[in-house]
Amino acid sequence: MSAPNKSYDPVEVEALKPEEIERMRDEALAAFAAAGDLDTLQEAKVAHTGGASPLALANREIGALPPHAKAAAGKLVGQARGAVNKALATRQTELEAERDARVLVEEAVDVTLPHDRVPAGARHPLTTMMERVADVFVSMGYEVAEGPEVEAEWFNFDALNFGPDHPARQMQDTFFVQGADGTKDSDGGESGVVLRTHTSPVQARALLDRKAPVYIVCPGRVYRTDELDATHTPVFHQIELLAVDEGLTMADLKGTLDHMVQSLFGADMKTRLRPNFFPFTEPSAEMDMLCYVCRGDSVGNPDRPCRTCSSEGWIELGGCGMVNPRVLTACGVDPEKYSGFAFGFGIERMLMFRHNVEDMRDMVEGDVRFTRPFGMEI
Ligand SMILES: [Zn+2]
């Protein structure tokens with residue numbers, strides 16, 4: 001163990017010599033001045049003003065001084081620390097101002113740049129067409145009705161007077177859905193569930209759900225086992241109309257059809273009916289509309305041929321008729337009291353002749369170059 005240091009004089013503490021304090025102060029000021037950014041300044045701040053900095057350690061030495069020396073040393077260190085803190089604050093302000101000026105330049109937003117380069121989405125022309133047709137009837141007081149696309153065979157066929165041997169029930173026309181219990185598979189075609197082949201089952205459902213009178217329009221997607229080609233698609237869209245009330249006749253049907261084509265194609269349009277057969281209507285008719293391009297002027301007029309109607313003057317639109325009383329009975333409506341009319345047609349077909357679309361595949365491939373000319377209605 002060494003002897004006590006007799007020559008020890010606390011006034012002569014090395015860290016508190018004025019030139020040392022001055023050196024510490026100058027080092028701190030130099031470090032702050034050299035800091036080029038706020039991060040470096042933060043490091044310099046910790047090194048020169050933190051608890052372990054030379055000036056802080058020197059300050060701590062003051063406590064060990066004799067009372068008469070404390071005031072002078074305290075003043076010396078205090079002045080140095082004051083100068084250091086002031087320089088730090090000044091440099092901090094300078095660097096913050098520099099950063100703010102740089103951010104303003106670097107992160108400036110050019111409000112004149114185009115903002116709409118991402119094209120807005122739009123509804124498919126088939127949807128727009130279907131809604132346009134439905135709107136005609138909604139404005140006449142009809143209700144839009146919808147039903148399931150995976151449908152019970154009874155609704156799709158039986159309720160609509162399709163006999164058990166009707167060719168539409170064959171596999172070559174209809175998608176049969178495999179039964180949940182697996183006992184009846186799609187090969188047998190006896191699962192009792194089909195992808196609906198027309199929107200007519202919605203009519204049967206509506207008649208069962210509501211009390212007559214019923215005025216509904218049923219737009220929707222339907223399925224048939226057709227290959228996709230220029231004029232066929234296995235998934236397509238129909239819109240059907242059903243009116244059931246007391247005293248409805250074919251004159252009401254004809255007037256409704258005329259109103260529809262006039263709303264869609266112009267005030268001078270008209271329709272004609274040709275006899276046909278459908279299981280769910282009796283009598284049934286094929287409905288044609290006047291060619292909306294030549295208005296019939298191309299008939300017998302070789303100088304003005306019409307491509308749209310092949311110079312026949314009429315365009316086949318769809319099927320219609322008075323609701324078969326057997327359908328009304330199956331759906332719980334008294335055919336002695338009520339009568340009704342119905343008609344339906346394909347949306348794809350109407351879009352094709354209305355807009356000269358030559359290939360049905362264009363409608364299902366989702367290429368915006370096809371949909372864009374129809375307008376970007378949202
Ligand atoms: Zn024509």
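In each ligand, atom 1 is the first atom listed, and ligand 1 is the first ligand listed.
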Once the angle between the rings of Phe280 and Phe162 is folded into 0 to 90°, is it parallel (under 30°), tilted (30 to 60°) or perpendicular (over 60°)?
tilted
Kindly give the cluster partners of Phe236, where membership spreads through any ILVMFWY side chain lying under 4.5 Å from a current member.
Val222
Hey, is Asp229 close enough to Arg361 for a salt bridge, meaning N to O under 4.0 Å?
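Looking at Arg361 together with Asp229, the answer is no, because their closest N to O distance does not fall below 4.0 Å.
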Would you call Asp258-Lys270 a salt bridge at under 4.0 Å N-O?
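Salt bridge flag = no for Lys270 with Asp258.
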Tell me which pairs pass side-chain hydrogen bond (donor to acceptor under 3.5 Å, both in side chains) where either residue lies in residues 298-319, with sequence neighbours left out.
none
Please list, chain by chain and in numerical order, all residues satisfying salt bridge (charged side-chain N to carboxylate O under 4.0 Å, His left out) with Glu96, sequence neighbours excluded.
none
The Zn ion (ligand 1): protein N, O or S atoms [distance under 2.8 Å]
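Atoms qualifying: Cys291 SG, Cys294 SG, Cys306 SG, Cys309 SG.
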